[in-house]
Amino acid sequence: TMGILEKIAEIEKEISRTQKNKATEYHLGLLKAKLAKYRAQLLEPSKSAGAKGEGFDVMKSGDARVALIGFPSVGKSTFLSLMTSTASEAASYEFTTLTCIPGVIEYKGANIQLLDLPGIIEGAAQGKGRGRQVIAVARTADVVIMIALLEKELESVGIRLNRTKPNIYFKPKKGGGLSYNSTVPLTQCSEKLVQLILHEYKIFNAEVLFREDCTPDDFIDVIVGNRVYMPCLYVYNKVDQISIEEVDRLARRPHSVVISCGMKLNLDYLLERLWEYLALICLYTKKRGGTHTHTHTHTHTTLASQFKYALVWGTSTKYSPQRVGLTHVMEHEDVIQIVKK
């Protein structure tokens with residue numbers, strides 16, 4: 001049989017060949033469902049006896065964990081030592097092909113663990129080398145700092161950046177066929193397409209309720225179910241080496257910060273932004289099992305003073321989103337959006 005990688009490459013080729021129009025949307029939807037299925041298989045831990053390097057797991061310490069991804073080797077150690085109290089050499093965990101260096105940033109009384117994940121995320125998307133373990137660690141982070149644009153690679157391994165979980169209720173059933181409903185007009189996912197995609201996953205009985213106008217990709221994410229949604233800051237280093245116009249253009253992009261490690265420019269601002277991005281998480285870190293109490297208190301002191309109300313999607317509410325106050329207790333997998341005064 002053809003290897004999974006070849007199958008993935010073929011499907012990707014066909015997707016890029018298929019023109020997007022009404023006539024081809026079912027075909028595209030099915031191709032995407034197949035693609036997601038094969039990619040998930042790539043990332044499953046290998047069954048082979050004594051798969052080496054399963055030990056690549058760094059103890060989670062501190063109040064929050066930030067993953068550094070895709071840093072060109074030049075600025076990496078400088079960035080880590082500037083940002084953290086750990087000299088990077090001292091704390092390196094050696095793995096034959098892989099060094100994962102945790103550093104700790106102390107900020108506003110919280111300890112933030114910085115993990116430098118080597119540039120092998122790129123190979124990971126193809127199931128290469130130690131990629132699986134790196135992804136396993138990346139998935140446990142609270143925020144990603146991306147230094148070099150690798151969204152596509154992260155997308156392909158099920159990590160969704162700066163997006164919330166699609167608002168679709170989906171429950172496979174024992175019988176009764178497909179019950180398909182929506183609370184909003186849908187322009188991208190018809191009942192037929194939903195059914196075709198479900199069949200690709202051998203699901204014939206299910207309850208599906210769209211609460212927003214989602215894409216077929218969103219729906220596939222909900223079926224596959226192991227997606228991780230996390231905030232990401234894009235950090236552009238070496239801004240001292242490009243024109244001021246270019247710096248300005250980068251700085252205005254969403255979720256972006258420009259810095260220079262060499263000249264120690266803008267690092268304080270990066271920390272401030274990182275803290276904001278963490279603050280959103282800390283209010284629902286409960287979904288990661290175990291609450292990070294410290295960060296909770298810090299977050300509350302800064303946020304509580306500006307807190308107006310929050311919108312919550314998930315199982316703790318009667319309807320989604322529901323407007324709640326500070327005392328609302330969140331449940332597993334809930335998503336919250338805070339509205340400040």
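The analysis underlying the following values was restricted to heavy atoms, covering all of them including side chains, and did not include hydrogens, waters or symmetry mates.
For the pair Phe210 and Pro185, the minimum side-chain heavy-atom distance is 4.5 Å or more. Residues Ile223 and Ile197 form a side-chain contact, since some pair of their non-hydrogen atoms from C-beta on lies under 4.5 Å apart. Here the side chains of Pro216 and Cys189 are in contact, with some heavy-atom distance below 4.5 Å. Two residues are said to be in side-chain contact when any heavy atoms from C-beta on lie closer than 4.5 Å; Val224 and Asn226 meet this criterion. Put simply, the side chain of Lys32 reaches to within 4.5 Å of the side chain of Asp217, judged on heavy atoms. Contact check for Leu68 versus Met146: no side-chain heavy atoms found under the 4.5 Å cut-off. Proximity of Leu270 to Leu233: side-chain heavy atoms (C-beta onward) are separated by under 4.5 Å at one or more points. For the pair Asp213/Gln188, a side-chain contact is recorded, criterion being any heavy-atom separation below 4.5 Å from C-beta on.
Every salt bridge (Lys or Arg N to Asp or Glu O under 4.0 Å) that Arg227 has, sequence neighbours left out, goes to Asp221. The ring-ring contact (aromatic ring centres under 6.0 Å, His included) search around His27 returns none, not counting sequence neighbours. When the salt bridge (Lys or Arg N to Asp or Glu O under 4.0 Å) test is applied to Arg323, no partner is found at least two apart in sequence or on another chain. In this structure Leu196 satisfies the side-chain contact (heavy atoms from CB on, under 4.5 Å) test together with Tyr26, Leu30, Lys192, sequence neighbours excluded. Take Glu12 and apply the side chain to side chain donor-acceptor pair (under 3.5 Å) test, not counting sequence neighbours, and it matches Arg39. When the side chain to side chain donor-acceptor pair (under 3.5 Å) test is applied to Tyr269, the partners found at least two apart in sequence or on another chain are Arg273. By the side-chain contact (heavy atoms from CB on, under 4.5 Å) test, Ser16 pairs with no residue at all, sequence neighbours left out. With sequence neighbours excluded, no residue forms a side chain to side chain donor-acceptor pair (under 3.5 Å) with Asn181. Taking Gln195 as the reference, nothing meets the side chain to side chain donor-acceptor pair (under 3.5 Å) condition, with sequence neighbours excluded. Not counting sequence neighbours, Asp218 has no partner by the salt bridge (Lys or Arg N to Asp or Glu O under 4.0 Å) test. Contacts of Asp248 classified as salt bridge (Lys or Arg N to Asp or Glu O under 4.0 Å), with partners at least two apart in sequence or in another chain: Arg252.
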Stepwise side-chain contact (heavy atoms from CB on, under 4.5 Å) check, Arg249 with Glu246: CA-CA 5 Å; Arg249 194 184 64 76; Glu246 181 67 355; 3.1 Å; yes
Candidate pair Leu186 and Val184, rule side-chain contact (heavy atoms from CB on, under 4.5 Å), full reasoning: CA-CA 6 Å; Leu186 298 184; Val184 292; 4.0 Å; yes
Evaluation steps, side-chain contact (heavy atoms from CB on, under 4.5 Å), between Thr140 and Arg65: CA-CA 8 Å; Thr140 64; Arg65 167 178 273 188; 2.7 Å; yes
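Taking each heavy atom of Leu193 and Gly29 in turn, the nearest pair found is CD1-CA, 4.0 Å. Across Phe219 and Ile168, no two heavy atoms sit closer than the pair CA-CD1, 3.9 Å. Closest non-hydrogen pair, Ala36 versus Ile220, comes out as CB-CG2, 3.5 Å. Looking at every heavy atom in both residues, Leu278 comes nearest to Ala64 through CD2-CB, 3.6 Å.
Considering CZ of Phe204 and CG of Leu198, their distance stands at 9.5 Å, rounded to 0.5 Å. Interatomic distance, CE of Met230 versus CZ of Arg160, reported as 11.5 Å (0.5 Å rounding). If you take OG1 on Thr18 and CD on Glu25, they are separated by 13.0 Å, rounding to the nearest 0.5 Å. Distance check: Thr24 OG1 to Ile15 CD1 gives 11.0 Å after rounding to the nearest 0.5 Å. With rounding to the nearest 0.5 angstrom, the CD1 atom of Ile145 is 14.0 Å from the NE2 atom of His255. Atom-to-atom distance recorded for Leu31:CG and Arg17:CZ is 9.5 Å, nearest 0.5 angstrom.
Ring geometry, Trp275 versus Tyr107: the interplanar angle exceeds 60°, so the pair is classed perpendicular (tilted spans 30 to 60°).
With Tyr236 as reference, Leu250 is the one residue of Leu250, Asn266, Ile242, Val247 to meet the side-chain contact (heavy atoms from CB on, under 4.5 Å) rule.
Side-chain atoms of Glu212 come within 3.5 Å of backbone N or O of Asn167 as a donor-acceptor pair. A donor-acceptor pair is defined here as one N or O able to donate and one able to accept, closer than 3.5 Å; no such pair exists between the side chain of Arg211 and the backbone of Ser182. Using a distance-only test at 3.5 Å, with no hydrogens or angles considered, a donor-acceptor pair links the side chain of Ser256 to the main chain of Pro254. Under the 3.5 Å distance criterion, the side-chain polar atoms of Tyr201 are matched with a main-chain donor or acceptor of Ala33. Distance alone, capped at 3.5 Å, is enough to place a donor-acceptor pair between the Glu6 side chain and the Gly3 backbone.
Cluster annotation: Ile203 and Tyr180 are assigned to the same hydrophobic cluster (Ile/Leu/Val/Met/Phe/Trp/Tyr, side-chain heavy-atom contacts under 4.5 Å, transitive).
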For residues 169-179, which side-chain N or O atoms pair as donor and acceptor with protein atoms under 3.5 Å away, sequence neighbours left out?
{"unit_1": "Lys173", "atom_1": "NZ", "unit_2": "Glu207", "atom_2": "OE1", "d": "2.5"}

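We find that Lys7 and Glu10 are not joined by a salt bridge, their nearest charged nitrogen and carboxylate oxygen being 4.0 Å or further apart.
Other residues, nucleotides and ligands contribute at most 12 non-hydrogen atoms within 6.0 Å of the CG atom of Asp268.
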